[in-house]
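For the single chain, residues carry numbers from 1 onward in sequence order.
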Amino acid sequence: MQENFRVIKTYVLRKGRMTQSQERDYAELSPKWCIPFSEEKLDFEKVFQNKNPVVIEIGFGMGKATALIAEANPQINYIGIEVHTPGVGKLLGEIKNKNLKNLYIIEHDALEVLDKMIGDESVDGFHIFFPDPWQKKKHHKRRLVQRPHTDLLSKKLKKGAYLYFVTDWLEYAESALPELEATPGLKNKYEGFAEKQSWRPETKFEKRGIEEERPITEIFFVKE
């Protein structure tokens, strides 16, 4: 693993109090639906008990869109990676309420999870919806969608698989596009930015961005 994956984190752990329901769901459901971090590669077929395609979402926040996408696509398996415990507790409650069988959670640093737990050319898609834009220039090094992180993402994708990135911070999108274009194995499905994918539900961050009159920018790349 390249050193800067470990040294420079793409997130900070912000203090957030869990609600009683989130605490209850976390205690009750995490043993079943949370996959512990390990340095051994995951066997997707063993986890999901089927051979369906696997899509990984990096940083699902409170998980509303994650659960809706999983509910709408029972023929696809999903893994959500998140470090903020309240969001994990909230999504666990959604898994229970919607009786989802195709969604698991890993509560850990996404880059370490990808490096240690995910096999090369094993993933059918990555969802990166409204990640922390790290607005200050001195913090740009913490952004997820830039090389060499995108090299790692490309390495994990199957041929023909996709990477779908959405942000409400235009400058982040403008910097991410050339980084992805320079990433070996990835090809832009569009000329420049992508059109909105009709199957993606609106997220809380997206709604806030629209209210604050920030453009929603989408990027969609495919593994050659």
Side-chain donor/acceptor of [X] to backbone N/O of [Y], under 3.5 Å:
| X | Y | answer |
| --- | --- | --- |
| Ser154 | Thr150 | no |
| Asp115 | Leu111 | no |
| Thr183 | Glu179 | yes |
| Glu82 | His84 | yes |
| Asp43 | Glu45 | yes |
| Asn50 | Phe48 | yes |

Note, Ile105 side chain near Phe60 side chain (heavy atom, < 4.5 Å): yes
Beyond-backbone contact of Leu177 with Glu181, side-chain heavy atoms, under 4.5 angstrom: yes
Checking Leu152 against His149 for the side chain to side chain contact (heavy atoms under 4.5 Å, CB included) test, could you report, in this order, the C-alpha distance in whole Å, the side-chain angles of both residues, the deciding distance, and whether it holds? CA-CA 5 Å; Leu152 179 64; His149 304 328; 5.7 Å; no
Closest contact, heavy atoms only, [X] versus [Y]:
| X | Y | answer |
| --- | --- | --- |
| Asp124 | Leu157 | C-CD2, 4.4 Å |
| Leu42 | Ile118 | CD1-CD1, 4.2 Å |
| Met117 | Ser38 | CG-O, 2.9 Å |
| Lys32 | Tyr104 | O-CE2, 3.4 Å |

Going by the rule side-chain contact (heavy atoms from CB on, under 4.5 Å), which residues pair with [X] if we only count those two or more places apart in sequence or in a different chain?
| X | value |
| --- | --- |
| Pro31 | none |
| Asp120 | Lys155, Lys156 |
| Lys187 | Glu224 |

Quick test of your reading of the model: are Arg143 and Glu171 salt-bridged, counting only N-O distances below 4.0 Å?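 Salt bridge flag = yes for Glu171 with Arg143.
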Salt bridge check: are Lys189 and Glu195 linked by an N-O gap of less than 4.0 Å?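 No, this pair does not count.
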Pair [X] and [Y], ring centroids less than 6.0 Å apart:
| X | Y | result |
| --- | --- | --- |
| Phe205 | Phe129 | no |
| Tyr162 | His127 | yes |
| Tyr164 | Phe126 | no |

Interatomic spacing from [atom1] in [X] to [atom2] in [Y] - rounded to 0.5 Å:
| X | Y | atom1 | atom2 | answer |
| --- | --- | --- | --- | --- |
| Ile69 | Arg200 | CD1 | CZ | 8.0 Å |
| Tyr78 | Thr66 | OH | OG1 | 10.0 Å |
| Ile56 | Leu163 | CD1 | CG | 11.0 Å |
| Asp25 | Ile95 | CG | CD1 | 10.0 Å |
| Gln146 | Asp151 | CD | CG | 11.0 Å |
| Leu103 | Asn77 | CG | CG | 9.5 Å |

Residues, nucleotides or ligands: over 12 heavy atoms within 6.0 Å of [X] [atom1]:
| X | atom1 | value |
| --- | --- | --- |
| Glu213 | CD | no |
| Glu211 | CD | yes |
| Lys207 | NZ | no |
| Lys90 | NZ | no |
| Glu40 | CD | no |

Listed partners of Phe165 passing ring-ring contact (aromatic ring centres under 6.0 Å, His included), at least two apart: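 Tyr172.
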According to the salt bridge (Lys or Arg N to Asp or Glu O under 4.0 Å) rule, which pairs have a member within residues 62-74, sequence neighbours left out?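 Salt bridge (Lys or Arg N to Asp or Glu O under 4.0 Å) check on residues 62-74 returns Glu71-Lys98.
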Sorted by chain and residue number, the side chain to side chain donor-acceptor pair (under 3.5 Å) partners of Lys196 (sequence neighbours excluded) come out as none
With hydrophobic residues grouped by side-chain heavy-atom distances under 4.5 Å, do Leu91 and Leu68 end up in a single group? no
Answer with yes or no whether the hydrophobic clustering places Val83 together with Met62; edges join I, L, V, M, F, W, Y residues whose side-chain heavy atoms lie under 4.5 Å apart.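 No; Met62 is not reachable from Val83 via cluster members.
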Tell me which one of Leu186, Leu153, Asn188 satisfies side-chain contact (heavy atoms from CB on, under 4.5 Å) with Leu180. Leu186
Could you check Val88 against Tyr26 for side chain to side chain contact (heavy atoms under 4.5 Å, CB included), going step by step and ending with a plain yes or no? CA-CA 7 Å; Val88 174; Tyr26 188 90; 3.8 Å; yes
